[in-house]
Amino acid sequence: MRTLGSLLKVTEGSSKQRNLTPIEMSSITKMDNIEDAKTELKTLKAKVEKADDIKARMVLEKLEEDEAKKKAQHEMIAYVQKQESCQKQFRQQLDIVQIYAQIPNTDVKFLARFKEGEGWRDDSCKSIRGVFTISQRAAMLLQGGQALITFEEEKVAHQILKLTSCRVSCESTTLDVKPKGIALETAVKFEVQVDVSRKELKVFNIPPSLPEERMKDRLEISFSRPTQGGGEVENVNYNGNTGTGIITFLKPGVAWRLAMKGGYKLNLESEVNVVVRPAYEYKLEKFQTSCGSSKRTILLEDIDDVEDEEDLQDHLEIHFQKPNNAGGEIESIKYISKGKALQAFFSEDTMDITD
């Protein structure tokens, strides 16, 4: 049996704190380092993931930018191609026809001989150049129930245009007509330069009976015969698709002499009649458009047909000739009744032109 003293010793001994060994202390330090490392690893992983997200987003944005860039490039290429196509089409249209206009037959008045610069000299090999100026007269459409009056003086027309209406006396009634100024239709003016070759002759209606080279030889032989009015040939151009050719003679004068005949006999496999014409080139220069108004002409509107056309025109002329009606001397007058229309033309001395 243990004694009380020994129990007290045991109790005292068991109540004392136990001291850790160096090995145990090292293990605790390592555990703390591992926890720190795990925390740092988590932080690094989070940063890496964030960096990967940023990288992926930047790559995606770059791809979108590349796609947008490619799209823009394709659109630009398409636009350039379309622009080139439009320009080509525009040039082709210019080569076909410039102006559609019905020009009546008229006598040509030659004003002067045209010389090209100071170095110009009379050369028989040069083309014959003609410069033609074509001017379209300004016009307007006169409707039924209207009249045009051209006064000799501008001031008279100006006085009439200040009036809101004019009362014209007829045989058995009076008319209230409204004066107004006129705006003329757009007119054009241009030059046509024609160069007629002294040495070249155009040939038409050539039958496609021979190969191209043989046909060129036959054309050269046929047009070289003096008995038919031909001469020495310098060059032959032949188009089998259109049945046309251009014969260039060595000396000037031969082409013009044959062109005046209008026809020529070719010796092919058989004798063939072809059409011959002068060879010429032409171009349009100095094209101008203009619009204007007549300072001496007024338009009368809202005219009722109270009398026949001629009598009513006489009453209008009498009224607007009188100074007490603000009128004056009349150069010309034209009235048409309702249901009719005509085109009125103006000369340059009766109109004010604006280019």
Side-chain angles (χ1 to χ4, degrees), residues 99-109 132-190 286-355:
I99 297 174
Y100 295 92
Q102 188 175 7
I103 302 176
N105 294 330
T106 184
D107 294 333
V108 177
K109 182 180 180 181
F132 302 90
T133 301
I134 299 174
S135 299
Q136 180 188 15
R137 295 176 66 184
M140 69 163 289
L141 184 64
L142 187 64
Q143 303 281 0
Q146 294 180 337
L148 283 174
I149 301 178
T150 300
F151 296 96
E152 292 184 357
E153 295 180 317
E154 290 183 12
K155 64 179 183 180
V156 179
H158 186 65
Q159 290 172 177
I160 298 294
L161 291 175
K162 289 181 179 180
L163 304 176
T164 56
S165 65
C166 301
R167 178 159 291 185
V168 180
S169 298
C170 299
E171 290 292 340
S172 59
T173 185
T174 58
L175 286 176
D176 288 328
V177 296
K178 296 180 180 179
K180 63 180 293 187
I182 59 173
L184 302 177
E185 297 175 357
T186 301
V188 298
K189 182 178 180 180
F190 56 92
K286 299 180 181 180
F287 184 83
Q288 299 174 350
T289 60
S290 61
C291 58
S293 61
S294 178
K295 291 184 177 181
R296 297 192 289 119
T297 303
I298 64 169
L299 176 68
L300 301 178
E301 293 186 318
D302 300 333
I303 304 174
D304 294 327
D305 295 334
V306 295
E307 296 179 353
D308 63 41
E309 193 171 278
E310 186 175 350
D311 290 340
L312 189 50
Q313 178 171 303
D314 290 339
H315 287 300
L316 290 171
E317 185 172 5
I318 293 170
H319 176 86
F320 286 101
Q321 278 182 333
K322 295 179 178 179
N324 58 349
N325 292 329
E329 290 298 324
I330 293 176
E331 182 178 298
S332 63
I333 180 171
K334 182 61 181 176
Y335 160 73
I336 58 172
S337 57
K338 291 184 178 180
K340 297 180 180 180
L342 60 81
Q343 196 82 359
F345 294 92
F346 293 79
S347 58
E348 290 188 5
D349 62 340
T350 61
M351 59 177 289
D352 180 38
I353 298 176
T354 303
D355 293 334

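From a predicted model like this one, the values you see are computed outputs, not experimental measurements. We use all heavy atoms of the structure for the numbers below, so side chains are in, but hydrogens, waters and symmetry mates are not.
The two residues R167 and D176 come nearest to each other via the heavy atoms NE-OD1, 3.0 Å. Contact record, V177 with P179: O-CD, 3.6 Å, taken as the closest heavy-atom pair. Contact between L148 and I182 at its shortest, heavy atoms only, is CD2-CG2, 4.1 Å. The two residues L175 and C170 have their closest heavy-atom pair at CD1-SG, 4.1 Å. Between H315 and S169, the shortest heavy-atom distance links the atoms ND1-O, 3.7 Å. In plain terms, the two heavy atoms of A139 and F346 that are nearest each other are CA-CD1, 4.4 Å.
Here the options are I149, T150, L316, the test is side chain to side chain contact (heavy atoms under 4.5 Å, CB included), and the partner is I330; only I149 passes.
In this view, K334 satisfies the side-chain hydrogen bond (donor to acceptor under 3.5 Å, both in side chains) rule with no residue, not counting sequence neighbours. Under the side-chain contact (heavy atoms from CB on, under 4.5 Å) criterion, D305 pairs with Y335, S337, K338, sequence neighbours left out.
At a threshold of 4.5 Å between non-hydrogen side-chain atoms, the residues N325 and C166 do not count as touching. Here the side chains of E309 and I336 are in contact, with some heavy-atom distance below 4.5 Å.
Here the side chain of E307 pairs a donor or acceptor atom with the backbone of E171 at under 3.5 angstrom.
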If you look only at distance, which donor and acceptor atoms sit under 3.5 Å apart when one is on a side chain in residues 153-164 and the other is two or more places apart or in another chain?
residue, atom, partner, partner atom, Å
Q159, NE2, A326, O, 3.2

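Residue E310 qualifies as open at atom CD: its count of foreign heavy atoms under 6.0 Å is 12 or below.
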